[in-house]
Amino acid sequence: SPCFVVDCSRRPPGQAQSQPPIGTPQATRAWSGFLGELVGRYGPDGAFWSANPAVPYRPIGVWQIWNEQNAPKFYAPSPSVEGYAELLAISSQAIRSRDPEAQILLGGMFGDPKEPGSIEAPRFLDELYGMRGAKRHFDGVAAHPYSRDVAGVERQMLDIRRVIEANGDAETPIWVTELGWGSGDGPRGRLIVTPAGQAQRLGEAFGLFMARRDDWNLASALWFAWRDTSNPNVCDWCRTAGLISEDGNAKSSWSAYAELSGGRPVAPADIPGPGGPPPSPGPPSGDGEPSSDAGPPVLPLVAGALALAA
C-alpha cells in the first residue's frame, strides 16, 4: 500500500507497505480513491492519453490486485484469505466504477512458499472460491510458478488448474505474471543457474506454456525480468534474472526468448524505447480466452518483464 493509504512510519519514507489497506475506513477510502484515480488517468479515455497524444494509446484494461498475497513478505502481518477477499471486493468495485469493462486479476501466487506463515497457492485459491461472493470480483487467476526445474513449474500449474476446475470455473484463465531464473556467477541455488542454464529453462518453460495453453486456458506468460540489476535491496537471484545484463548486453536467454516468441534476437539497444513504441501484444479473442489459432506469440515489453502472449 502507498504510504498515503496506510501508516508507513515504521518503514523508510516512500516505501510501500506490505500491509493491505483494509481494517480502517480511512485506509479503505484512500485505497478506493487511489484506484479510481489510476483508472481515470490510465484507463480507457484516461486523462493521460488526452494530455499526451503523441504516446501510443494503450489504456490499461487489466488490473492485478496485490502480489503474492499468500506469503507474509507481501501480505503483512500474515496471509488471510478472508482479508484478501475483502481487499479484492473493495478494489474491483473501485476500478469497475470507473471502467465497467475492466478485467480484475488475482495477485500472482507462488505455489509453495517456504516462509513460515505462508499458505500454499492451491489451498489459498480454493478457500478464496469458498468465500461468499468472491468469484464475482475477479476474471483471472495469476500464478508465480517458480521452481528449481520445469517439472516443478508444471506441477504448480496443474495444481492451480485443478482447483479452478474443481470449483466449476473452467472458463477463467490463468495468467503467469512472473517466472524466471537468475544467471549468477556465484553459488548455485534453487533459482540461480548458469547463463546457459537460464536460457535452457526459459525455452523449456515457455515451450511448455505454448504446448499447454489451451489445456490450461493460459492467457499470458511473463518473464521476470527484463534487465539485471546490482540493487542490493532485491533478492539474490532477482539481480541476474534479466534477459540482458545491467550494462545492456544481450544474454543467452535474450536470444532464446526472441526466437521462441517468433521474433528475431535484435540487439537490446535497437529495441524501441521512449523515442518509439515497443512491440505490441496480440489482442485476445473477444471472450478473453486464449485462441489456439491466434498465430505466433509476440514479444511485448510489460512493466519491466517480458510477456509471451498466447
**Request:** Kindly indicate, with the supporting measurements, whether the criterion side chain to side chain contact (heavy atoms under 4.5 Å, CB included) is fulfilled by M157 and F209.
**Result:** CA-CA 10 Å; M157 294 295 293; F209 294 152; 4.2 Å; yes
**Message:** Looking only at side-chain N and O atoms, does T177 offer a donor or acceptor that is under 3.5 Å from a partner on Q64?
**Reply:** yes
**Message:** Distance to the ring centre below 6.0 angstrom and angle to the axis at most 45 degrees; does that hold for K135 and F138?
**Reply:** yes
**Asked** Should the pair E101-R96 be classified as a salt bridge under the 4.0 Å nitrogen-to-oxygen rule?
**Response** no
**Prompt:** Are the charged groups of R161 and D215 less than 4.0 angstrom apart, N to O?
**Reply:** no
**Side-chain H-bond candidate by donor/acceptor type, S91 with W31, under 3.5 Å** = yes
**Item:** Modelled atom types, side-chain donor and acceptor of E246 and S230, under 3.5 Å
**Value:** yes
**Request:** Flag the pair F224 / W181 as yes when their ring centroid distance falls below 6.0 Å, and as no otherwise.
**Result:** no
**Asked** Given L106 and L125, is the side chain to side chain contact (heavy atoms under 4.5 Å, CB included) satisfied, shown in steps?
**Response** CA-CA 10 Å; L106 297 183; L125 180 60; 3.8 Å; yes
**Fill in**
For E68, the side-chain contact (heavy atoms from CB on, under 4.5 Å) test, sequence neighbours excluded, returns N70, F74, F110, H144, Y146, E178
**W254 ring center near W226 ring center (under 6.0 Å)** = yes
**Message:** Between L202 and L260, is the side chain to side chain contact (heavy atoms under 4.5 Å, CB included) condition met? List the steps.
**Reply:** CA-CA 9 Å; L202 184 156; L260 184 66; 4.2 Å; yes
**Item:** NZ/NE/NH1/NH2 to OD/OE distance under 4.0 Å, R123 and E127
**Value:** yes
**Request:** Could you tell me whether the side chain of P53 reaches within less than 4.5 Å of the side chain of V55, counting heavy atoms only?
**Result:** no
**Asked** Is it true that R239 and D236 make a salt bridge, defined as a side-chain N closer than 4.0 Å to a carboxylate O?
**Response** yes
**Prompt:** Charged N to carboxylate O under 4.0 angstrom, D126 versus R162?
**Reply:** no
**Asked** Are K251 and S245 linked by a side-chain donor-acceptor pair shorter than 3.5 Å?
**Response** no
**Message:** Pairing donors with acceptors under 3.5 angstrom, does anything connect the side chains of N249 and D247?
**Reply:** yes
**Item:** Check against side chain to side chain contact (heavy atoms under 4.5 Å, CB included), W63 and D139
**Value:** CA-CA 10 Å; W63 300 85; D139 305 291; over 6 Å; no
**Item:** Minimum side-chain heavy-atom gap L208-W216 below 4.5 Å
**Value:** yes
